[in-house]
Every structure is written in C-alpha cells, then in structure tokens.
**Student:** 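Structure in structure tokens, see below.
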2 protein chains.
Amino acid sequence: MKQDIYHKYEKHYVAVDCVIFGYENTELKVLVYPRGFEPSRGKWSLLGGFVNPDETLGDAARRILFNTTGLVNIFQQQVHAFSRPDRDPAGRVISVAYYALIRINQQDTELVREHGAQWWPVSNLPDLIFDHREMIDKALLRLQERAETELIGPELLGDVFTLTNLKKLYEAIFQRDIDAGNFRKKVLSLGALHNTGEKDKSESKKGAYLYQLIPDQGLKVGLVPTNP
Amino acid sequence: MKQDIYHKYEKHYVAVDCVIFGYENTELKVLVYPRGFEPSRGKWSLLGGFVNPDETLGDAARRILFNTTGLVNIFQQQVHAFSRPDRDPAGRVISVAYYALIRINQQDTELVREHGAQWWPVSNLPDLIFDHREMIDKALLRLQERAETELIGPELLGDVFTLTNLKKLYEAIFQRDIDAGNFRKKVLSLGALHNTGEKDKSESKKGAYLYQLIPDQGLKVGLVPTNP
DNA sequence: CCAAAAGTGTTGCTTGTACACCCATGT
DNA sequence: ACATGGGTGTACAAGCAACACTTTTGG
C-alpha cells in the first residue's frame, strides 16, 4: 500500500442521516425510530449510519434505506452536511443528511417494525436527537424546491394516481390549500401526464381518471399558487 | 478522556473546497491556483484544505478564505459534499464544496499572488483537478438560485452601485442578456434599494444614480426574465 | 333526488416582454 | 450636434387567482 501523504491531518467520523418521506392519509410523514444505542438511547432519531471507506455518501444512504425499509432504487437527494463539533455528544461526527421518497405501502413492514421505526407527520414531529429536526426542516425545503420544478408523484403515490391524489400530495408537501381547478389545469398544461383511461372510483361516485407520469418531460415551474 | 464508542467505525479525511466568485469587467470569475503539492502538483485547483477537529465545515471554509485572500466576514454557502472514494487518487477524502462571494478589489493581492492564485472567467475555465469542475458548476447553480431570490449586489459589487452595474452583474451570473428597462423596473419595485442621490459619472456622461441595498428586505422573486 | 367529488369555463387582475422614446451631458 | 448610456412609458400577451358552473353516479 502506498504511503498516506495526508497522514498529518485528522480524520473524522462521517455519517449519513436519512430523512425518509412517505405520504399517507393526506399527510406527509417522516420515518423515525427510537435510537438503540448510546448516547440518547431511546430518543427519536432519523435513520442513519456511518460511511464505509469504499462507498460514496449516496451509497451509504442507499444502504441504510435498504436495511431499514427493504427498498432499492429509491429517489434520494443530498440535503446538507452538518458539522457542529459538539452535535453528537459522544464524539466528533460529521453527518450528511439525505432525503428519500418512498411509498409507505411498499416498505417491508417486518423490517420497519423490527427497528421500531414509526411514521410521524411533518406537521407534528416528536422531539428528535441532536440536529435531526434541523435536518428534516432543510430536507422539506429541498423537497418543496423539487416539487416546484419536477412534478413529484410516482415516488410517493405510485405509478398511477388521480389529479385529486396529486393535489392532496402537493397540499401536504407545501402545507397549504390549493385551488382544485387551477391546479388541474396547470398540471395538465405541462403535458407530462398521460390519461390511462382507467378510473378510480374509490374516492368518489363519479370516479376520477388515473394518470401516469410521462418520463423525461423536462422542467416545470410554478405548480403551487403563491397566495391562496 | 471518555472512551470512543464509535471506535469500530472508520474515520475519513474531510476537506473543504472553496469556489470563490468575484466579479470584474462584466465577467463572473473564480479564483483557482496551481496546486502546490502532490498529487497533481501544478494543476489548477480550487482553494481547499482539511477540516480540523474543533471547527465546523463553515469555519474551515472561512479559514481557507482568510488564509488565501485575507478577507473576513465574507458571504459563503455550502454547496454539496463530494465523496467518490477515488476522487482524490492519494486517498479517501470527502470534500464539501462551499462558494463565497468577494469583491476582487478588496482582496489582499499580496496574499493572492503568494499563492499563485488567478481569476478565471466561469465561461472559460481551465482544466481542474479531481471533481473541482463539477463543484464550480454546482456552485454556480446555487449562486443563480440565490440571485433569483435575494438580490445579490453588495457582496460582489460593493456597498453602492448603479442599476447598470447590477444588471451587468446579473447578466454575468446568468450568462444571458437582460432587458435594461424591465430589469430596472423590477428591481426598484422590490423596494430593497435606496437611491443615495449620488451619481456615478465614470460610465456615462449623464451619470447614473448610486444605490444602496436596504438590509433585511425579505425574499424577492423572478429577477431574471425567462426567455429574452 | 341529492350529496360529493370530478371536471370545465369565465372573469379580472397582475406580471412579463418587447420596444419605442425622452433625458442629460462630455466631447 | 450627436453619440452614449440613463431612465420612462406603453401596449400587448401570458399567467394567475378566484369562483361559478356543469357532470356523474351511488345511496
């Protein structure tokens, strides 16, 4: 092995914490679990873990996501690196937050239960350890930015969904009411949704058309009204 | 000293790389320097350094900025953490990119020269080591996002500036022409600029009013036309 | 028939864009 | 007097928010 030319510098523990978003019951939720080890054992915590030498931060986030939900091929995005030297009382750990979008009904409930993980609405979170609350806040901002420009849907809803489903999802993400008529017109005007012809009758007697996202439809803008 | 409960995990080198933006001659520029040590000695590189145990990533970025430009109290923002295990051929280094905005004429030229650092236009960058080009690209995107909502001016131009100065700065940041009349109206409508009454005659015979940013003027939107 | 969700249409207002035009002044 | 940047005005189009209205159908 070649010599380490950086040896005179200090190394640091580097961790990844995942803000796992799910959508259920018209609410945007985050998966957290009671930490199983000291410090702060038993307090609510994001799902996280240390980074291995041979993996990227994204790899680590994927690994953690897989270990706790059993899911692969999940949309995830880096949020921010948190580095207060005293953020973890047990040692200097630099942690990079990621957020991920999953379909709650697709998770491995066995695995999730095994970890004791629970879904909490973003609007009503429990107390969390360290700076995890800050991580969630920043992650939500990132999610909102993305939802403004990219039409988030399949990641949280499934492959097909009604326009009302989508509207409620956006209301959950932005914590604000959206005018149904205007939302529908705007979303359809993007040309990124394909009407499958199928109807979903579970939410109404009339039934609502199920739509599918057409992949690779470029950037969209301004899905959410500024002042409703 | 208390025992290290995380000892079974690997530590990593953590560095910070600074994308230092400046504005000169209607061009947005980045400060880079020829790397003074192996690997890749002599190749162009961002200004960076390793993180110390007792400082945050932001602290490290500030330290590097001060050491190379002599400046303090500089606006800076985290961009992204880069973590490909092989990004640095000499070892596993996780590097967090920051961008900073400075006034080129305010730098300590002596210090800068000492480092051999040079300003390169973002539109015409030299080859850079590792993933530094990627860092600049991402940093520019972040800068553009910020410029859309926050009215960047003083950071790069100085405390007072004419509306034409500001327009040219925005053209440099977004690499696109902006209609002078519309830009001026929009910027003024934000109510965040204060006309000092003074005129700058260096750019025209008529002279242009010098404006000052009124601090804490909340968020602004849409400073740049979408399709001019 | 009616409640309730799905879906369409209309209207007024704000904003953006393009572009024409006047202003001030050093040379 | 005129070229040059500074600064204002206007006219049209597009986008948006608000809200009234129609459609469908199970109970």
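What you are looking at is a predicted structure, and each value in this text was computed from that prediction instead of being measured. Reckoned from all heavy atoms, side chains included, excluding hydrogens, waters and symmetry mates. Protein chains get the first letters and strands the later ones, always in sequence-line order, with residue 1 at the start of each.
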**Student:** Anything under 30° is parallel, anything over 60° is perpendicular, the rest tilted; go ahead and classify B:His115 against B:Tyr33.
**Tutor:**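 Rings of B:His115 and B:Tyr33: perpendicular, over 60°.
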**Student:** Rounded to whole Å, how long is the line connecting atom CG of A:Asn165 with atom P of C:dA6?
**Tutor:**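 Nearest whole value for this atom pair: 8 Å.
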**Student:** Under 4.0 Å between a side-chain N or O of B:Arg184 and OP1 or OP2 of D:dT8?
**Tutor:**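 Yes, because at least one side-chain N or O of B:Arg184 sits under 4.0 Å from OP1 or OP2 of D:dT8.
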**Student:** How are the rings of B:Phe183 and B:Tyr170 set relative to one another: parallel (under 30°), tilted (30 to 60°) or perpendicular (over 60°)?
**Tutor:**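 B:Phe183 and B:Tyr170: tilted rings.
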**Student:** Which one of A:Val96, A:Thr56, A:Asp59, A:Val14 satisfies the side-chain contact (heavy atoms from CB on, under 4.5 Å) criterion with B:Ser83?
**Tutor:**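 Among the candidates, only A:Thr56 passes.
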**Student:** Considering only heavy atoms from C-beta outward, does the side chain of A:Arg84 approach that of A:Phe130 to under 4.5 Å?
**Tutor:**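 Not in contact.
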**Student:** With a 4.0 Å cut-off on N to O distance, would you call A:Glu110 and A:Arg113 a salt bridge?
**Tutor:**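 Result for this pair is yes, salt bridge flagged.
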**Student:** Scan nucleotides 21-27 of chain C nucleotide by nucleotide, 5' to 3', and note B when protein non-hydrogen atoms come under 4.0 Å of the base, S if they reach only the sugar-phosphate, - if neither.
**Tutor:** --BBBB-
**Student:** Could you give the CZ-to-C1' distance, from B:Phe183 to D:dG6, as a whole number of Å?
**Tutor:**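 The answer, rounded to whole Å, is 15 Å.
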**Student:** With the side chain of A:Asp179 defined as its heavy atoms from C-beta on, choose the nearest nucleotide among D:dG6, D:dC19, C:dG7.
**Tutor:**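 For the A:Asp179 side chain, the nearest candidate turns out to be D:dC19.
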**Student:** For DNA chain D, whose closest nucleotide is more 5', that of B:Tyr211 or that of A:Gly181?
**Tutor:**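 Checking each residue's closest nucleotide, the 5'-ward one belongs to B:Tyr211.
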**Student:** Specify the separation, in whole Å, of atom OH of A:Tyr209 and atom P of D:dT23.
**Tutor:**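 In whole Å, D:dT23 P lies 15 Å from A:Tyr209 OH.
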**Student:** In whole angstrom, what separates B:Glu203's CD from D:dG6's P?
**Tutor:**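 Roughly 7 Å, once rounded to whole Å.
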**Student:** Between D:dA18, C:dG7, D:dC16, which one does the side chain of A:Lys186 approach most closely?
**Tutor:**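 That would be D:dC16.
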**Student:** Look at all strands and tell whether B:Thr162 reaches a base, only sugar-phosphate, or nothing, counting heavy atoms closer than 4.0 Å.
**Tutor:**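 No contact.
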**Student:** How many Å lie between CZ on B:Arg176 and C1' on C:dG16, as a whole number?
**Tutor:**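 So the CZ-C1' distance, B:Arg176 to C:dG16, works out to 13 Å.
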**Student:** Suppose we call a contact any N or O donor and acceptor under 3.5 Å apart; does that hold for the side chain of A:Lys185 and the base of C:dG9?
**Tutor:**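 When only heavy-atom distances are counted, A:Lys185 does reach the base of C:dG9 through a donor-acceptor pair under 3.5 Å.
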**Student:** Reckon A:Thr164 has a side-chain N or O less than 4.0 Å from the OP1 or OP2 of C:dA6?
**Tutor:**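 For A:Thr164, the contact criterion (side-chain N or O under 4.0 Å from OP1 or OP2 of C:dA6) is met.
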**Student:** Please work out which of the three classes, parallel, tilted or perpendicular, describes the rings of A:Phe82 and A:His80, given edges at 30° and 60°.
**Tutor:**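 Perpendicular.
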